[in-house]
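Quick notes on the structure that follows.
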2 protein chains.
Amino acid sequence: MDAALALIAEHGVGGTSLQMIADGIGVTKAAVYHQFKTKEQIVIALTERELGRLEEALEAAEAEDHPPRARDLLLDRVIDLAVERRGAASTLQFDPVIVRLLADHEPFQRFIERLYGVLVGDAAADSRVLAAMLSGAIAVGVVHPLVADIDDESLRSELRRITRRLFDAAN
Amino acid sequence: MDAALALIAEHGVGGTSLQMIADGIGVTKAAVYHQFKTKEQIVIALTERELGRLEEALEAAEAEDHPPRARDLLLDRVIDLAVERRGAASTLQFDPVIVRLLADHEPFQRFIERLYGVLVGDAAADSRVLAAMLSGAIAVGVVHPLVADIDDESLRSELRRITRRLFDAAN
DNA sequence: GTCTATATAACGATAGAC
DNA sequence: GTCTATCGTTATATAGAC
């Protein structure tokens, strides 16, 4: 799965063949097919593995009864993960093939709904625009060439600082 | 090219074949090859067409001698275009195949450098993080499912409002 | 400029031996 | 679990007629 993720990040899902993945780990295509019945299942497994890292934080946030606190709790975890695994989340979030695939994958849809349930306070248009922009800001903020040479700790604190002030300014 | 862009937005570059593009406009593959020697050239032409829409605003911004004013000038145009052509810019910016392709395409690199030359005040780490986040915030802010039902005018003004706030939050 | 036809290669996926 | 071998399909790309 690490090999698959690295290849997909570089060439996209459509540009990554099972042969490339098999070569990347030194086995044949048939061996890969023994673990995953289709290419789609590899993508779904990759996404679930990455989203699973948010599960605990999401549950903790949902148990919190002060909404702004819940939001900050979750947001910090999202930023930590985005920085810690630079590129992984962004790859899975933006590849058009993955977007289409996950749109038909119910467990994924439910998880995303829970996520935004905590992050977006209400259904007002301005709240939704803010959430959409935030999502892009974090995802791109960790992979953009402009930040390639910035160490994790500095990047994390800067992301936190900017997202926090953005929310505070709204209230 | 419109047909190609729509298909790439939906299936990614790797998932879009020349056959699909040919079918989309009702001709054969051979007819498409008559206009573009390779699939890569289609992608480059698409990107150049989209970036060309920024050329005038970029030149005007570079002629401006008050940096913050130049930045706002360009930023407004970027937002206008992102909203006006929802999805087009985001598609081209995030598809991994396009990212790799354009990294080796010098005219594109020069244009991007000029863009960020105006948008990023200095080379300090926090300025670069902010620019990276801004780039993602706008690109995702116009295509995210959360904003799909918001009309262009509202979306544009909200994007403008929040990006301004992002700049303020950095200081 | 668009067509038919084709060359060559790679794709996803499966069967069956070990 | 991994292999070799293969099926059927599709891919990019080209040649040559109209």
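Since this is a predicted model, take the numbers as computed values, not measurements. Numbers restart at 1 for each chain; the letters A, B, ... are given by sequence-line order, proteins then strands.
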*Mind checking what makes salt bridge (Lys or Arg N to Asp or Glu O under 4.0 Å) contact with A:Arg160, not counting sequence neighbours?*
A:Asp76, A:Asp80
*Inspect the surroundings of CZ in A:Arg69 and state if more than 12 heavy atoms from other residues, nucleotides or ligands are less than 6.0 Å away.*
no
*With sequence neighbours left out, write down each residue that passes side-chain hydrogen bond (donor to acceptor under 3.5 Å, both in side chains) with A:Ser154, or none if nothing qualifies.*
A:Asp151
_hydrophobic_cluster_shared for B:Val140 and A:Met133, side chain cutoff 4.5 Å_ = no
_Checking A:His144 now: which residues fulfil ring-ring contact (aromatic ring centres under 6.0 Å, His included) with it, not counting sequence neighbours?_
B:Tyr116
*Nucleotide range of DNA chain D lying under 4.0 Å from chain A heavy atoms*: D:dG1 to D:dT4
*Angle by which the axis turns from one end of the helix from C:dG1-D:dC18 to C:dC18-D:dG1 to the other, five pairs per end, to 10 degrees*: 10°
_Residues in side-chain hydrogen bond (donor to acceptor under 3.5 Å, both in side chains) contact with B:Arg86, at least two apart in sequence or another chain_ = B:Asp152
_Is there a path of hydrophobic side-chain contacts, each under 4.5 Å between heavy atoms of I/L/V/M/F/W/Y residues, joining B:Val78 to B:Leu130?_
yes
_Can you pull out every salt bridge (Lys or Arg N to Asp or Glu O under 4.0 Å) where at least one residue sits in residues 12-35 of chain B? Sequence neighbours excluded, please._
none
_Using a 4.0 Å cut-off on heavy atoms, which residues in residues 96-105 of chain B reach DNA chain D? List them by number, or say none._
none
_A:Glu113: which residues meet the side-chain hydrogen bond (donor to acceptor under 3.5 Å, both in side chains) condition with it, sequence neighbours left out?_
none
*Give the B/S/- string for nucleotides 4-12 of chain C, one per nucleotide from 5' to 3', where a protein heavy atom under 4.0 Å of the base yields B, of only the sugar-phosphate yields S, and otherwise -.*
B------SB
_Joint hydrophobic cluster, B:Ile44 plus B:Ile21, side-chain heavy atoms closer than 4.5 Å_ = yes
*For B:Asp104, check side-chain hydrogen bond (donor to acceptor under 3.5 Å, both in side chains) against everything at least two apart and list the hits.*
none
_Pairs meeting criterion side chain to side chain donor-acceptor pair (under 3.5 Å) with involvement of residues 30-44 of chain A, two or more places apart_ = none
